[in-house]
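Counting starts at 1 for both ligands and their atoms, in listed order.
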Amino acid sequence: MTKLIFEKSKKGVNGINLTEEPVDFSFINKEYLNDNKDSILPEISELEVMRHYKELSDKNFCIEKGFYPLGSCTMKYNPKVNEMLASLEGFTDLHPLQEDEDSQGALKLMYKLQEALKNITGMDAVTLQPAAGAHGELTGMMIVKKYFETAGENRKNVIIPDSAHGTNPASASMCGFNIIEIKSNEKGLVDLEALKSVLDENTAAIMLTNPNTLGLFEEEILKISELAHNAGALLYYDGANMNAIMGYTNPKLMGFDIVHINLHKTFSTPHGGGGPGAGPVGVTEKLKEFLPVPIVDFDGQKYIRKYNLKHSIGKIKAFYGNFSVFVKAYAYILLMGKELKEVSSYAVLNANYMMNKLKEYYYLPYDRKCMHEFVLSGEQQKEQGVNTLAIAKCLMDSNFHPPTIYFPLIVHEAIMIEPTESETKERLDEFISTMIKIANDVKNNPESVLNHPVNTPVTKVDETLAARRPDLAYKKS
Ligand SMILES: *Cc1c(COP(=O)(O)O)cnc(C)c1O
């Protein structure tokens with residue numbers, strides 16, 4: 001167990017040399033001075049400080065350390081050139097309040113990124129402001145609300161399938177909409193009859209993701225879009241995961257009116273530690289004037305920030321969003337070029353390869369061709385006394401990040417696997433054989449699977465206590 005840096009502290013050890021001369025502190029306001037002579041800072045040499053933090057960072061799991069098949073999260077490789085470009089002085093030293101004429105490079109990059117995202121999604125206008133996927137959903141739902149207010153219609157309902165990401169109902173609910181949940185059919189897709197039975201003149205929007213969170217493509221999407229539009233409703237696309245469809249189809253072709261995209265999933269950028277991310281929103285022509293301001297535009301000579309949108313929902317983020325993420329996403333898009341289409345083909349191929357290798361060992365509730373991810377069920381293993389959580393913990397001891405578990409909610413003991421395109425076949429095979437070994441162990445000796453992890457810095461924790469009452473602060477004894 002690593003000691004805390006405070007426990008390594010030894011009185012009188014110095015990491016730095018301060019002057020022996022008395023220091024004049026009179027320029028500091030008295031109330032800010034700490035007259036407690038007993039330092040609460042650890043006393044430790046510079047080299048030991050370095051070792052301490054290196055040791056801590058080695059305990060982190062990250063995509064550079066191992067396979068990270070976290071379904072719905074798209075933990076793909078983030079090319080390091082993106083980081084290099086995002087840290088160029090011209091970008092990092094730019095103040096967001098600088099005038100347009102002094103920020104032409106940054107504005108041009110944002111404009112070009114908007115254009116690229118318009119191309120990829122098929123939408124007619126894009127805002128880069130939202131800071132995350134859920135923030136994009138909120139922006140989209142605010143646009144839906146204002147659109148109907150402006151049209152003088154009072155539509156209160158948003159229809160969402162039971163397989164949806166939890167942020168969908170949350171975002172719609174925050175905008176004051178009633179949520180109507182519809183059940184998926186036996187194929188794992190939207191049940192058209194269920195949809196028709198709740199779709200009416202009170203429906204403001206249907207929120208969908210395609211492929212859905214089971215990793216399955218909604219084959220009836222054009223029919224759904226027709227039904228929605230005939231009822232006067234808008235169709236919202238949760239495009240957090242574009243990894244499956246880039247270059248093959250897009251939300252516009254499927255009939256969607258509004259889409260958010262997670263730059264920090266599909267378009268690379270390290271994520272998982274809480275940000276920063278970016279959740280740009282694209283809309284069709286009729287919703288252009290509702291976007292948040294400012295929008296980055298080109299007036300024929302220079303790039304400008306445009307504020308005069310007739311029905312704008314206003315501002316939804318300080319300044320213009322998380323700029324460094326834009327640089328990384330734009331670099332990634334340029335780097336890939338037309339190969340963005342291949343990203344999708346490999347993401348889908350990898351997922352289907354793994355699904356077919358694993359379905360003999362774990363129950364596959366929807367046994368159909370999947371897109372970029374698939375969902376297994378640990379039901380059979382649970383009958384042997386080993387639940388999905390235990391399987392996930394077991395994987396950690398083999399240097400794998402566990403897949404997403406217990407989501408989507410409609411699959412019991414769900415194990416949601418998304419390999420992404422950036423893994424080699426050897427790495428996929430390694431994960432497959434580990435999963436098969438676990439399945440065999442569950443059959444032959446279930447006890448042996450239960451006490452993991454043992455190789456991690458922290459072993460088995462009380463999940464509820466760790467989430468509800470995390471104790472993260474060092475208390476000096
Ligand atoms: C990740 C994800 C979101 C939310 O994105 P955040 O950036 O975490 O807010 C929404 N929908 C789906 C399908 C996702 O995978």
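Using cut-offs of 30° and 60° on the angle between ring planes, the pair Tyr111 and Tyr303 is tilted.
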Enumerate the pairs of nitrogen or oxygen atoms, one from ligand 1 and one from the protein, separated by less than 3.5 angstrom; state names and distance to 0.1 Å.
unit_1: ligand 1; atom_1: 5 (O); unit_2: Asn262; atom_2: ND2; d: 3.1
unit_1: ligand 1; atom_1: 7 (O); unit_2: Gly133; atom_2: N; d: 2.8
unit_1: ligand 1; atom_1: 7 (O); unit_2: Asn262; atom_2: ND2; d: 3.2
unit_1: ligand 1; atom_1: 7 (O); unit_2: His264; atom_2: NE2; d: 2.7
unit_1: ligand 1; atom_1: 9 (O); unit_2: Gly133; atom_2: N; d: 3.3
unit_1: ligand 1; atom_1: 9 (O); unit_2: Ala134; atom_2: N; d: 2.8
unit_1: ligand 1; atom_1: 11 (N); unit_2: Asp238; atom_2: OD1; d: 3.2
unit_1: ligand 1; atom_1: 11 (N); unit_2: Asp238; atom_2: OD2; d: 2.6
unit_1: ligand 1; atom_1: 15 (O); unit_2: Ser72; atom_2: O; d: 2.8
unit_1: ligand 1; atom_1: 15 (O); unit_2: Ser72; atom_2: OG; d: 2.6
unit_1: ligand 1; atom_1: 15 (O); unit_2: Asn241; atom_2: OD1; d: 3.4
unit_1: ligand 1; atom_1: 15 (O); unit_2: Lys265; atom_2: NZ; d: 2.8

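When side chains are defined from C-beta on, Met416 does not count as touching Ile405, because their heavy atoms never get closer than 4.5 Å. Looking only at side-chain heavy atoms (C-beta outward), Phe67 and Pro419 come within less than 4.5 Å of each other. The side-chain heavy atoms of Asn241 and His372, taken from C-beta on, include a pair separated by under 4.5 Å.
Taking the charged nitrogens against the carboxylate oxygens, Glu115 and Lys112 have no contact shorter than 4.0 Å, which rules out a salt bridge.
Annotation: side chain to side chain donor-acceptor pair (under 3.5 Å) contacts of Thr269 (sequence neighbours excluded): none.
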